[in-house]
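All remarks here apply to the structure that follows.
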Amino acid sequence: MIDRIESAINYISDLNWAWWPVLFLRPNKTERFSFRLVLLLATPITIIAHGIVILLRLINDQPVPLEAFMFVSVVLFIGVSALFYAIAHFWNRRALRLTQNDG
């Protein structure tokens with residue numbers, strides 16, 4: 001079961017469009033997906049998502065209180081980081097397997 005999940009996640013992770021707008025940061029299949037990279041990827045994705053949330057609220061003439069702004073920022077960052085951390089886990093399983101097969 002876990003191998004199927006790994007295959008599915010790595011299949012999607014190997015697609016170029018899945019890395020927009022940070023394709024240049026994607027590691028090779030045999031390289032580890034570091035925690036630093038998780039945080040580096042989570043930052044621009046959080047900013048984009050947060051910008052969309054604010055834009056939608058402003059279009060609907062709804063004020064954006066500072067408390068809501070901060071709460072949404074933290075929740076989005078934690079959620080996106082958790083998603084990338086899960087992706088990194090499966091990426092690293094494959095990287096380890098590929099490097100062991102080469103050696």
Side-chain angles (χ1 to χ4, degrees):
M1 176 73 172
I2 196 83
D3 293 334
R4 284 183 163 166
I5 295 170
E6 177 186 342
S7 294
I9 289 177
N10 284 332
Y11 172 78
I12 294 169
S13 296
D14 289 338
L15 300 172
N16 287 344
W17 64 262
W19 283 84
W20 182 90
V22 290
L23 178 61
F24 65 96
L25 293 174
R26 181 175 63 188
N28 291 327
K29 292 179 183 181
T30 57
E31 293 178 342
R32 284 190 41 77
F33 196 126
S34 68
F35 185 68
R36 179 175 175 248
L37 183 58
V38 167
L39 296 179
L40 190 62
L41 290 171
T43 302
I45 302 301
T46 300
I47 291 169
I48 291 168
H50 198 266
I52 292 169
V53 169
I54 290 174
L55 187 62
L56 290 174
R57 287 189 61 88
L58 292 175
I59 287 172
N60 292 321
D61 288 329
Q62 296 177 343
V64 183
L66 181 61
E67 296 84 11
F69 180 85
M70 295 303 293
F71 178 76
V72 169
S73 296
V74 170
V75 169
L76 279 172
F77 187 76
I78 290 171
V80 171
S81 296
L83 175 66
F84 278 117
Y85 190 75
I87 291 169
H89 171 73
F90 292 111
W91 186 284
N92 291 337
R93 281 175 47 117
R94 177 180 64 182
L96 180 63
R97 193 175 51 253
L98 290 174
T99 55
Q100 286 176 344
N101 290 342
D102 287 342

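- Expressed to the nearest 0.5 Å, how far OG of S73 lies from CD1 of I78 amounts to 11.0 Å.
- The nearest pair of heavy atoms linking F90 to N10 is O-ND2, 3.3 Å.
- Neither L40 nor I47 shares a network with the other; the hydrophobic side chains, linked directly or stepwise wherever heavy atoms of I, L, V, M, F, W or Y lie under 4.5 Å apart, form separate groups for each.
- Closest approach of I48 to P21, counting heavy atoms only: CD1-CG, 4.1 Å.
- Between R94 and D14 a salt bridge is recorded (basic side-chain N to carboxylate O distance below 4.0 Å).
- A tilted orientation is assigned to the rings of W19 and F84, their planes being inclined by 30° to 60°.
- Nearest heavy-atom pair across P65 and R57 is CD-NH2, 4.3 Å.
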- Message: Go through it in stages, so that I can follow the logic: the residues are V74 and M70, the test is side-chain contact (heavy atoms from CB on, under 4.5 Å), and I'd like the CA-CA distance, side-chain angles, deciding distance and then a yes or no.
- Response: CA-CA 6 Å; V74 170; M70 295 303 293; 5.5 Å; no

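- In the hydrophobic clustering of this structure, Y11 does not group with M1; members are Ile, Leu, Val, Met, Phe, Trp, Tyr whose side-chain heavy atoms approach within less than 4.5 Å, directly or through other members.
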- Message: I'd like to know whether R93 forms a side-chain contact (heavy atoms from CB on, under 4.5 Å) with D3, so could you lay out the CA-CA distance, the side-chain angles of the two residues, the decisive distance to 0.1 Å, and finally the verdict.
- Response: CA-CA 10 Å; R93 281 175 47 117; D3 293 334; 2.9 Å; yes

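- What you find for N92 and E31 is that their closest heavy atoms are OD1-O, 4.4 Å.
- Put simply, I54 and L76 are part of two different groups of oily side chains (I, L, V, M, F, W, Y) that touch within less than 4.5 Å, one to the next.
- Contact check for L39 versus F77: side-chain heavy atoms found under the 4.5 Å cut-off.
- Contact detail for H50 and V72: the closest heavy-atom pair is CD2-CG1, 3.3 Å.
- Both L25 and I87 belong to a common hydrophobic cluster when Ile, Leu, Val, Met, Phe, Trp and Tyr are linked at side-chain heavy-atom distances under 4.5 angstrom.
- Proximity of R26 to L41: side-chain heavy atoms (C-beta onward) are nowhere separated by under 4.5 Å.
- Contact record, N60 with L56: ND2-O, 3.1 Å, taken as the closest heavy-atom pair.
- To the nearest 0.5 angstrom, N28 atom CG is 11.0 Å from L98 atom CG.
- Residues W91 and L23 are members of one and the same hydrophobic cluster, defined by side-chain heavy-atom contacts under 4.5 angstrom among Ile, Leu, Val, Met, Phe, Trp and Tyr.
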